[in-house]
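All residue numbers refer to positions in the sequence shown, counting from 1. Keep in mind the model is a prediction, meaning the values are calculated, not measured.
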Amino acid sequence: MNDLSRMNAKQTPADPSSDPPPLAAMQIPIRVAYQETDGQRRVHHANYLNYFERGRVEMLRELGISYRQLEDDGILLVVTEMNLLYHAAAEFDDVLTLTTEAIEVRPVRVKHRYRIHRGDDLIVQAWSTIAAVNREGKPCRLPPRMRELARAAERSS
């Protein structure tokens, strides 16, 4: 193992199979648009962050939480950590499946796990920590519906 491999092994999150079971999960299809690609017709690495954002917003919607209403109420969700592992390239016009999972909910933050597949091929996996802050940028509690996820998971275990 070279120095870069050792460094990456230390800095990247654990294998998803060692992550806790999801508290909430959902899947959405994504068709790669031309403007999301680089000169080789492959998805530019930064666009995966946009896909993950889309997954989080759709998960909130699925849970009956309006991200727009959260912001109107003065609760902003900010990314405090993001880790990605790229396994393969996705290309223009590919149809991908994004799986977004909430794997830990604390009073002020939520951790997510993401996987993007093209068919059976894993393209990218990632983990994030999202924190709730008020308009002044100070930490604040997540809305009750999001915290209920953690309580429901504790009751079922």
**Q** Just so I know, are the side chains of R115 and E101 near enough to count as touching, which here means a heavy-atom distance under 4.5 Å?
**A** yes
**Q** Is any side-chain heavy atom of I103 closer than 4.5 Å to one of H112?
**A** no
**Q** Please say yes or no: joined through hydrophobic side-chain contacts below 4.5 Å, possibly via intermediate residues, are L122 and V32 part of one cluster?
**A** no
**Q** Mark yes or no for whether N134, through its side chain, and E136, through its backbone, hold a donor-acceptor pair below 3.5 Å.
**A** yes
**Q** Only one of Y48, Y51, F52 passes ring pair (Phe, Tyr, Trp, His ring centres under 6.0 Å) with Y114; say which it is.
**A** F52
**Q** Quickly, which of R113, H87, H117 forms a side chain to side chain donor-acceptor pair (under 3.5 Å) with Q125? Name it, please.
**A** H87
**Q** What is the distance from atom NZ of K111 to atom OG of S128, rounded to the nearest 0.5 Å?
**A** 10.0 Å
**Q** Do E36 and H44 get their side chains close enough for a donor-acceptor pair, meaning under 3.5 Å?
**A** no
**Q** Does atom CZ of R54 have more than 12 heavy-atom neighbours, drawn from other residues, nucleotides or ligands, at distances under 6.0 Å?
**A** yes
**Q** For residues R56 and V79, determine if any side-chain heavy atom of one lies less than 4.5 Å from a side-chain heavy atom of the other.
**A** yes
**Q** I'd like to check the side-chain hydrogen bond (donor to acceptor under 3.5 Å, both in side chains) partners of Q27; sequence neighbours left out, ordered by chain and number.
**A** T99
**Q** Please report the interatomic distance OG1(T37) to CG(D93), rounded to the nearest 0.5 Å.
**A** 10.5 Å
**Q** Indicate yes or no: at least one non-hydrogen side-chain atom of L77 is less than 4.5 angstrom from one of L142.
**A** yes
**Q** Inspect the surroundings of CD in E62 and state if more than 12 heavy atoms from other residues, nucleotides or ligands are less than 6.0 Å away.
**A** no
**Q** Is a side-chain N or O of R145 found less than 3.5 angstrom from the main chain of L60, in a donor-acceptor match?
**A** no
**Q** Taking atom CD of E53 and atom CG of N47, what is their separation to the nearest 0.5 Å?
**A** 13.0 Å
**Q** Is I28 reachable from Y67 through a run of I, L, V, M, F, W or Y residues, each pair having side-chain heavy atoms under 4.5 Å apart?
**A** yes
**Q** When you measure from the side chain of R31 to the backbone of V95, do you find a donor-acceptor pair of N or O atoms at a distance under 3.5 Å?
**A** no
**Q** Determine whether M59 and I75 fall in the same hydrophobic cluster, where Ile, Leu, Val, Met, Phe, Trp and Tyr are linked whenever their side-chain heavy atoms lie under 4.5 Å apart.
**A** yes
**Q** How would you list, by chain and number, every residue that makes a side chain to side chain contact (heavy atoms under 4.5 Å, CB included) with R42, sequence neighbours excluded?
**A** D38, Q40, A89, E91
**Q** Say you draw a straight line from CD1 of I116 to OG1 of T97; how long is it, rounded to the nearest 0.5 Å?
**A** 9.5 Å
**Q** Rounded to the nearest 0.5 Å, what's the gap from CZ on R61 to CZ on R68? Could you check?
**A** 10.5 Å
**Q** Kindly work out whether a path of hydrophobic side-chain contacts (I/L/V/M/F/W/Y, heavy atoms less than 4.5 Å apart) joins I65 to V110.
**A** yes
**Q** If hydrophobic clusters are built by linking Ile, Leu, Val, Met, Phe, Trp and Tyr wherever their side-chain heavy atoms come under 4.5 Å apart, do V124 and F92 end up in the same one?
**A** no
**Q** Working to the nearest 0.5 Å, report the span between CG of L49 and CG of L84.
**A** 5.5 Å
**Q** Would you say R109 and I130 make side-chain contact, with heavy atoms under 4.5 Å?
**A** no
**Q** Where do L70 and P143 come nearest, in terms of heavy atoms and distance?
**A** CD2-CG, 3.3 Å
**Q** With ILVMFWY side chains joined below 4.5 Å, transitively, what does V133's cluster contain besides itself?
**A** L76, V78
**Q** Can a donor-acceptor pair be found, under 3.5 Å and without considering hydrogens, that links the side chain of T80 to the backbone of T129?
**A** yes
